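Fair warning: this is a prediction, and the values are worked out from it, not measured in the lab.
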Amino acid sequence: MHSARRLTVAVVFLLSLHHANSQAPEAEPHLVVLRAAKMLDVRAQKIVPNAVVIVEGDKIKQVGSGIAVPAGAKVIDLGNATLLPGLVDVHTHLLQNYDFALGGDDNNMVLTVAQMSPAERALLGAKMGREDLEAGITTVRDVGNSGVNGDVALRDAINHGWVSGPRIVASTRALSAAGGQFGHLQHDAQALVAQEYVEIATVDDARRAVQHAMYDGADCIKVIVNTGPRVVSLDEMKAIVEEAHHVHKKVAAHAIGNDATRIAAEAGVDSIEHAYIVPDEVLKMMAVKKIFLVPTDYPEELYASFIPATATAEERKEMETGMKQFAAGNRDRLKRAVAAGVPIAAGSDEYYQMGKRTRGQSSTLIYESYRDSGMAPWQIIQAATVNGAELVGWPDQIGAIEAGKYADIVATAGDPLQDVTELEKVKFVMKGGKVVRDDFGSGKPGHDNR
Ligand SMILES: [Zn+2]
């Protein structure tokens, strides 16, 4: 009785093993196929008609025009849509969302750093990251203003699948001269600076700061080369670049003006952020050394919305004039940069709440400013995809719809080559083979999008 029962248990166990083996999901990987009328081959600047993208797990297996759909694959037919790679924003601050009503950067920075813990900021970053992803931004390089390593926590949470967000290249705290980017602080309040920046005063400080960033989990280094009259020296910059490149990490340099941009370019950083003021000779150096310009520009009309409601008519007029000049200056320097052959990577530098827009909706407005500066649609799309991928150090993994890369793919209803604002209203988002957004409803049975 006893042994017969044992035998029964053993047989049932073996049968269940057999059953499990015959159903093993590893034996037949699940394939998803995206179909659309057009796909942008962003590297070759070519339109691929009748596009078929075969996705296996989180990667792209095969891409082509009218290639055969494997039997048993799940087909997502996007009809007349245009497929393009997921967007890359190389300059984000996901753990920061300032309020215009508080009166500019200085007030906002003090309140954010003094009142919000890195944990609270990471949760804010989770919201901002989700909003970016839903807008089609599948990878960001987050360049500081994250408290102490909040960006690393958010990156890891997204990678673990705890929250939905873009792939994050994290910088940890930005390196800077005294005071970081804070406005004037009383002596006893200056302890706030270390919550947001690592201050550099010597070459040794610079080396130690990079090494410590690596220990903290940084994927790249961000340096504030200048803030007002406070400047990181050329020797310190060279030490930062040497230490970072030694461990194959890239350096993003916030630099504005003739001296700071020259220091950054001479030191051999990988990208210069903003560079609202930059001389032609520095642009030439950037082109030769293949240093990216990250033009964190917004369309002229948008700057007017930055004017606080409390401004008098006279103040408003003065600010409007200043913003017009600022926008015109930005367009001029982007034109000069493109003409000089400087590689461009798209970066939003978005960190304010812009009305009711989500973070993703406001971050994608930069493409309009690039258009207004004379960049061609293909150039803008490359800046937001392949160029971004190269700058963040993942050229083989993201930035193009190619076999072997992550299946980070977005789709627009209209043609972004005709109208770049299509990139502001992406209708379909896939990250790592998972559908994040599908306004077409294409995955639903019986749906016909054609
Ligand atoms: Zn920034």
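With hydrogens and angles disregarded, a donor-acceptor distance shorter than 3.5 Å links the side chain of D219 to the backbone of A170. T296 places no side-chain N or O within donor-acceptor distance of the main-chain N or O of G347, the cut-off being under 3.5 Å. With hydrogens and angles disregarded, a donor-acceptor distance shorter than 3.5 Å links the side chain of R173 to the backbone of A194. The backbone N or O of A327 sits nowhere less than 3.5 Å from a side-chain atom of Y298 that would complete a donor-acceptor pair. Under the 3.5 Å distance criterion, the side-chain polar atoms of R331 are left unmatched by any main-chain donor or acceptor of S373. Remark: side-chain polar atoms of Q353 are paired, donor with acceptor, to backbone N or O of G355 under 3.5 angstrom. Proximity of a side-chain donor or acceptor of N226 to a complementary backbone N or O of I256 within less than 3.5 Å is detected. Of the possible donor and acceptor atoms, none in the side chain of D41 sits under 3.5 Å from a partner among the backbone N and O of K46. For the pair S369 (side chain) and L365 (backbone), a donor-acceptor distance under 3.5 Å is absent. A distance-only check finds a donor-acceptor pair linking the side chain of K222 to the backbone of V143 [under 3.5 Å].
Of all non-hydrogen atoms in A260 and V225, the two that sit nearest each other are O-CG1, 3.8 Å. A81 approaches A411 most closely through the heavy-atom pair CB-CB, 4.1 Å. Of all the heavy atoms in A36 and L78, the pair that sits closest is CB-CB, 4.2 Å. Contact detail for A265 and V282: the closest heavy-atom pair is CB-CG1, 4.0 Å. For the residue pair D151 and S171, the shortest heavy atom distance occurs at OD2-N, 3.2 Å. Taking all atoms of both residues into account, the shortest heavy-atom contact from I60 to A407 is CG1-CA, 3.7 Å.
Ring-plane geometry between W162 and H160 is classed as tilted, the angle between the planes lying from 30 to 60 degrees on a 0 to 90 degree scale. Using a 30° and 60° split on the angle between ring planes, F100 and Y352 fall in the parallel class, below 30°.
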How far apart are the C-alpha atoms of Y303 and E301, what are their side-chain angles, what is the distance that settles it, and do they pass the side-chain hydrogen bond (donor to acceptor under 3.5 Å, both in side chains) test? CA-CA 6 Å; Y303 285 116; E301 316 82 72; over 6 Å; no
D106 and H184: CA distance, side-chain angles, deciding distance, side-chain hydrogen bond (donor to acceptor under 3.5 Å, both in side chains) verdict: CA-CA 8 Å; D106 290 357; H184 184 68; over 6 Å; no
Test side-chain hydrogen bond (donor to acceptor under 3.5 Å, both in side chains) applied to D89 and S348, step by step: CA-CA 6 Å; D89 185 343; S348 68; 2.7 Å; yes
In sequence, state the C-alpha distance, the side-chain angles, and the governing distance for E131 and K127, and then conclude on salt bridge (charged side-chain N to carboxylate O under 4.0 Å, His left out). CA-CA 6 Å; E131 290 179 357; K127 173 178 153 65; 2.7 Å; yes
I'd like to know whether Y367 forms a side-chain hydrogen bond (donor to acceptor under 3.5 Å, both in side chains) with E424, so could you lay out the CA-CA distance, the side-chain angles of the two residues, the decisive distance to 0.1 Å, and finally the verdict. CA-CA 8 Å; Y367 311 128; E424 295 166 19; over 6 Å; no
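Here the rule is side-chain contact (heavy atoms from CB on, under 4.5 Å) with V69, and of V33, L31, I54 only V33 fits it. With Y351 as the fixed residue, the side chain to side chain donor-acceptor pair (under 3.5 Å) test singles out one of N97, D105, N108: D105.
Checking D297 against H274 by side-chain atom types alone, no donor-acceptor pair falls below 3.5 Å. Side-chain contact of T82 with D415: a donor-acceptor pair under 3.5 Å is absent, judged by distance alone. A donor-acceptor contact closer than 3.5 angstrom is absent between the side chains of E273 and H254. Side chains of T92 and D142: a donor-acceptor N/O pair is present below 3.5 angstrom, by distance only. Judged purely by distance below 3.5 Å, without hydrogens or angles, the side chains of Q382 and Q45 pair a donor atom with an acceptor atom. Using modelled atom types and a 3.5 Å distance limit, the side chains of Y197 and E199 yield no donor-acceptor pair. Defined by atom type and a distance below 3.5 Å, a donor-acceptor pair is present between the side-chain atoms of E196 and N145. There is no side-chain donor-acceptor pair under 3.5 Å between R357 and S363.
Between the CE atom in M128 and the CD1 atom in I137 there is a gap of 12.0 Å [rounded to 0.5 Å]. Of the inter-residue distances, the one linking K335 atom NZ with N330 atom CG reads 11.5 Å to the nearest 0.5 angstrom. From L84, atom CG reaches atom CD of E422 across 10.5 Å, with rounding to the nearest 0.5 Å. Remark: E402 CD to K59 NZ distance equals 13.5 Å, nearest 0.5 Å. Here the CZ-CE distance, from F292 to M286, works out to 10.0 Å after rounding to the nearest 0.5 Å. Atoms CD and CG, on Q379 and N387 in that order, are 9.5 Å from each other to the nearest 0.5 Å.
A salt bridge between R208 and E243 is absent, with no side-chain N of the basic residue lying under 4.0 Å from a carboxylate O of the acidic one.
Taking the side chain as every heavy atom from C-beta outward, E368 and T421 approach each other to under 4.5 Å. Within the 4.5 Å cutoff, the side chain of V269 has no heavy atoms near those of the V223 side chain.
Between H246 and H248, the ring center distance fails the sub-6.0 Å criterion.
Both tests do not hold together for K431 against Y406: distance to the six-membered ring centre under 6.0 Å, angle to the ring axis within 45°. Figure legend: R437 and F428 shown without cation-pi pairing, the cationic atom not lying both under 6.0 angstrom from the six-membered ring centre and within 45 degrees of its axis.
Counting non-hydrogen atoms of neighbouring residues, nucleotides and ligands closer than 6.0 angstrom, the NZ atom of K434 reaches no more than 12 such neighbours.
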